[in-house]
Structures are given as structure tokens and as C-alpha cells.
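A short write-up of the structure that comes next.
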Amino acid sequence: MAKRYWLMKCEPSAYSISDLARDGETSWEGVRNFQARNLMRDEMSLGDPVLFYASNADPSGVSGLATITRAGYPDTFAWKQGHKYFDAGSTPAAPIWFMVDVGFVEAFAATVPLATLKATKGLEDMKVVQKGSRLSVQPVTKQEYDIVVRLGRKTRKTVENTA
DNA sequence: GCCAACGTTGGC
DNA sequence: GCCAACGTTGGC
């Protein structure tokens, strides 16, 4: 299957690219949106590249790169009574929610802010730059992915050069 | 912290 | 099947 490219959002107060750098790998549980669920369950494959997006951050934007280390499997947190991701409707026999595992690839020295994404040619079709887009797992094109990676590494050079 | 935009739920 | 009410997301 052809490699696909993704953007995944997370609030840094919950989990940041630094946390991922420290852990190396993490499970991506707790997604409770059907569209995002379908993407994780059906479309993500091992090794797919991921833009790691920090939402509700200062600034919000892409803070680094990750990769899918395990394709979609049932979200076991949905079965844990009392857990914040518990959902009585989901059972091991008939799981409703799915998650993937994500591995650390690279942390940008500085976040590529949403404003920069919005202002960059070639990214105008990204879901994340569109008003009111709340989907926490989004497909991106290879072209979009490459542009964002370039922006992220440019940021790093700038920081290094001025350090 | 505010609030607009969105997805989901539930009454009818 | 419509749509109002509600809860949540997420930029600012």
C-alpha cells in the first residue's frame, strides 16, 4: 500500500513533541470522533509519516515529526471503567473506538505556527488552515508534508544561526 | 477566558 | 429525518 501522510493534533498540556521525544513511542488513544476513528482504523499504515501538531499552544502549529509504529487497533482505554476515555458502548468483542501507536522522528527547534501555514503557498488546501476545522487526525498530501518539513527545518537553522 | 464553529444527541 | 440543544474543540 502506498505511503500516506498525516497530521495529528494534540494539546501540549496533554502530550507534546518533547514528551514523545522522551518516550520514543506512545499510543494515541482517546480519539472520539468518527471521521478520525475511520482514518486511524482503516487508512493509517505502519511507517506513514506524521506532522505532529500542537493545538491550544503558544503558538499553535506543527512542532515536529512522527511516524506510525502500529496501525489501527481497538482503543483499550474505552473499556476501562472510570477512565476518562471509558465508553460503555465499546467492548472488546465489538470495539467502537480505535487508536494507533506513534513513534518519535524529529522535534523542530521552533513550532511552525498556524499563521505561517496559512501564509505559505501550497498549503491553502490543508484542513488545519481552514476555519473551523476541528478534525484531530487529518490526511495531508506528500507535497504539503514536504513543505511543512522544509519550514520546520528552516526554523531550526535560523535558531542555530542566531544562537 | 471568550466564543465561534462544529459533531452528536435526542425530542418530535 | 429535521433541527434545537448541548458539549467540545481550538484559535485568539
Side-chain angles (χ1 to χ4, degrees), chain A residues 4-21 23 26-44 48-66 68 72-102 104-141 144-145 147-152 154-156 158-159:
Chain A
R4 302 192 56 178
Y5 296 77
W6 306 99
L7 178 146
M8 298 175 82
K9 291 183 193 171
C10 193
E11 303 199 9
S13 58
Y15 200 82
S16 71
I17 191 73
S18 317
D19 293 326
L20 186 58
D23 296 341
T26 189
S27 54
W28 205 267
E29 69 274 6
V31 173
R32 294 293 179 266
N33 168 283
F34 288 106
Q35 217 180 328
R37 186 280 308 267
N38 293 345
L39 292 172
M40 292 200 299
R41 186 189 59 188
D42 305 331
E43 308 290 341
M44 286 183 156
D48 281 357
V50 175
L51 299 172
F52 191 104
Y53 183 90
S55 59
N56 260 319
D58 188 20
S60 294
V62 177
S63 54
L65 305 177
I68 302 300
Y73 62 105
D75 186 336
T76 54
F77 292 80
W79 310 332
K80 292 179 179 152
Q81 192 104 38
H83 195 276
K84 76 169 164 164
Y85 295 138
F86 176 72
D87 180 351
S90 186
T91 65
I96 295 176
W97 304 113
F98 284 72
M99 58 183 174
V100 296
D101 288 353
V102 165
F104 175 75
V105 173
E106 176 176 334
F108 295 154
T111 296
V112 179
L114 180 58
T116 301
L117 301 179
K118 284 180 174 168
T120 301
K121 217 171 167 230
L123 301 183
E124 22 319 84
D125 290 336
M126 285 183 83
K127 289 199 177 48
V128 75
V129 307
Q130 279 150 32
K131 191 179 175 183
S133 165
R134 291 169 34 180
L135 195 58
S136 65
V137 175
Q138 316 178 352
V140 302
T141 67
E144 290 162 348
Y145 179 88
I147 291 171
V148 175
V149 169
R150 211 172 305 134
L151 291 171
K154 186 156 63 175
T155 303
R156 176 170 57 189
T158 304
V159 170

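Predicted, not measured: the structure shown is a model, and the values here were computed from it. The sequence lines fix the lettering, A, B, ..., with proteins before strands; numbering per chain opens at 1.
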Taken to the nearest whole Å, CD/Gln138(A) to P/dG7(B) is 12 Å
Between CD of Glu11(A) and P of dG11(C) the distance, given in whole Å, is 9 Å
- Message: Less than 4.0 angstrom between a side-chain N/O of Tyr53(A) and OP1 or OP2 of dT9(C), yes or no?
- Response: no
note: Asp87(A), atom CG; dG7(C), atom C1'; distance rounded to Å ~ 15 Å
Rounded to whole Å, CG of Asp58(A) lies from P of dG11(C) at a distance of 12 Å
Q. Under 6.0 Å between the ring centres of Trp97(A) and Phe34(A)?
A. yes
note: Trp97(A), atom CH2; dT8(B), atom C1'; distance rounded to Å ~ 10 Å
Note: for Gly132(A) and Asn56(A) on DNA chain B, the residue whose nearest nucleotide lies more 5' is Asn56(A)
Ranking dT8(B), dA5(B), dG10(C) by distance to the side chain of Lys131(A), first place goes to dA5(B)
Notebook entry, point to check: Is it true that a side-chain atom of Ser90(A) and a backbone atom of Ile96(A) form a donor plus acceptor pair closer than 3.5 Å?
Noted result: yes
Side-chain contact check for Lys9(A): nearest option of dT8(B), dG10(C), dA4(B) is dG10(C)
Between dG11(C) and Ser60(A), is there an OP1 or OP2 to side-chain N/O distance shorter than 4.0 Å? yes
_Are more than 12 heavy atoms, taken from residues, nucleotides or ligands other than Gln35(A), located less than 6.0 Å from that residue's CD atom?_
no
Separation of dC12(C) atom P from Leu117(A) atom CG, nearest Å, is 11 Å
Separation of dT8(C) atom P from Arg134(A) atom CZ, nearest Å, is 10 Å
Distance col, row Tyr53(A):OH vs Ser136(A):OG, nearest 0.5 angstrom, shows 12.0 Å
Leu135(A) CG to dG11(C) P, in whole Å, measures 13 Å
